[in-house]
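Shown next, in structure tokens, is the structure this report addresses.
Reminder, nothing fancy here: chain letters follow the sequence lines and each chain counts from 1.
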Protein chains: 2
Amino acid sequence: MTRATRLLHRDNPDQIPLNGNIKVTRQDWLNAALEVLIEAGEKQVKVLLLSERLGVSRSSFYWYFKSRSDLTNALLQTWFDTNPRQMIAQAAMPAGSICEAICNIHKCVVDPALFDIPLDFAVRDWARRDPSVQAQLSATDRDVTAALAAMFERFDYDPAEAVIRARVLYYMQLGYNAAELNEPWETRLANVSNYLLTFTGRAPLPKVVEDFGIYVRAIVEETEL
Amino acid sequence: MTRATRLLHRDNPDQIPLNGNIKVTRQDWLNAALEVLIEAGEKQVKVLLLSERLGVSRSSFYWYFKSRSDLTNALLQTWFDTNPRQMIAQAAMPAGSICEAICNIHKCVVDPALFDIPLDFAVRDWARRDPSVQAQLSATDRDVTAALAAMFERFDYDPAEAVIRARVLYYMQLGYNAAELNEPWETRLANVSNYLLTFTGRAPLPKVVEDFGIYVRAIVEETEL
DNA sequence: TTGATTCTAGACAGAACTGTCCAGAGGTCA
DNA sequence: TGACCTCTGGACAGTTCTGTCTAGAATCAA
């Protein structure tokens, strides 16, 4: 599920072997396009560039996709089916306290299988250039912040305050991701208490912080394999 | 100073009239490039496109700039000379309370003359594709968050907490800008108290909120002329 | 073996873009 | 008026990209 480990179908032992003269699948094209979208933006998703990345000529692209815009529509759908839904699901997860609930959200940041940060940023960047993408993104931002506000309300925050805290939590995360600080995880974990204090206005329980640290270390270890 | 009101030299009554066969100035080219950078990203800053926007052929571009990369370097310098410096200056402004200090930062959001939000985002987007731009941006992010942390410390926040609150304040703002909610100002003003509560962990003084509202309404009125 | 179907390489035509070059336009000064 | 300088349009050559088209490769069923 992570970007770095996505193999071409033909190189992936877990996939049914390709038959005949098939060199790349539709999914291979889509994966290559996702990579370029993230690395270089929507405008750089070029058929010629993708074909070079895949080591094939351009022809099979036009077999699988009607046109470049067919591909970009598929890219947007891929994003839509993953990131926002995951964050909403995490917000709805049971939690013993607001701090624990926020740690569930933070799990989106830690675990690339839950939330693809670079893809999120790439789509946000794309939305700035394309009103129809922007419209879809705005709608999902509203859904996500509503889910986060509902999460705060579950822990007795006043509705108006819940909305604002939801926004601070969400948009701070977007901004932090955008800045690409690339801080080591141990550094970030050392700051979790103060982050939770700021986001909640309440002193966090040490146990919650500790459990989150354990989770993070497990995911980080697993992701680096 | 605002993007929307930037005229070509030849259309601006406040500028010295152009003599001879000069149709556009170097600044005109640079302004056009800034607009495209913001609207469509660095890769779309194309000489042909700019020439069309300016209603001239491409030739004078190469009179004023050695190459396209000469132009993009100038674009980056324009950003560097404006946005980060303004925010640092605002953070250093005298304030009677932390809430008042944060309102000084928020003035960057309100007043396009202080801080060009779309340009900031465009540069951030560009940085994701260009390591040298990213390096410069990362350095300025560190400077800005350090200035904001110092601001929090002026009001007796523990240094570790000051750093985190500075980040939450700054990155939330980045994320909020990235999301392009385009909320009416009256809506935003209604939320200021709760934002200040979240950012500071302290109940804001009504007078501070009121003064900020007055400032905002004045700027908004002035900007819409 | 033949025919149908699914993929593939690569040629073709056209569009968009860059940088170079040169003739021409406009202005100033002696 | 001529010389010089600053800008300008536009032609030229080369590069990169898109979509279309066709022949060929591989597989399967009759």
**OP:** Encode nucleotides 25-30 of chain C as B, S and - characters from 5' to 3', where the letter depends on protein heavy atoms closer than 4.0 Å: B to the base, S only to sugar-phosphate, - to neither.
**Re:** BSS---
Subject >> Contact pattern, 5' to 3', of nucleotides 12-23 of chain D - B, S or - by protein heavy atom under 4.0 Å >> reply: -----SBBB---
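Here C/dG19 presents its P atom at 12 Å from CG of B/Leu50, a figure rounded to the nearest Å. Atoms CG (A/Leu18) and P (D/dT27) sit 12 Å apart, rounded to a whole Å. Between the CD1 atom of B/Ile22 and the P atom of D/dG9 there is a distance of 12 Å, given to the nearest Å. Rounded to whole Å, the distance from CH2 on B/Trp63 to P on C/dG24 is 18 Å. Distance B/Arg53 CZ to C/dC17 P: 12 Å, rounded to the nearest Å.
For the atom pair B/Arg165 CZ and A/Asn194 CG, the distance stands at 8.0 Å (nearest 0.5 Å).
B/Asn191 meets the side chain to side chain donor-acceptor pair (under 3.5 Å) test with no other residue; sequence neighbours excluded. The side chain to side chain donor-acceptor pair (under 3.5 Å) search around B/Arg167 returns A/Glu183, A/Tyr195, not counting sequence neighbours. Residues satisfying the ring-ring contact (aromatic ring centres under 6.0 Å, His included) test with A/Tyr176, not counting sequence neighbours, are B/Tyr171. Contacts of B/Phe61 classified as ring-ring contact (aromatic ring centres under 6.0 Å, His included), with partners at least two apart in sequence or in another chain: B/Trp29, B/Phe65.
Using modelled atom types and a 3.5 Å distance limit, the side chains of B/Thr25 and B/Asp28 yield a donor-acceptor pair. If you check the side chains of B/Asn73 and B/Gln77, you find no donor sitting under 3.5 Å from an acceptor. Neither side chain, A/Ser132 nor A/Gln136, offers a donor N or O lying under 3.5 Å from an acceptor on the other.
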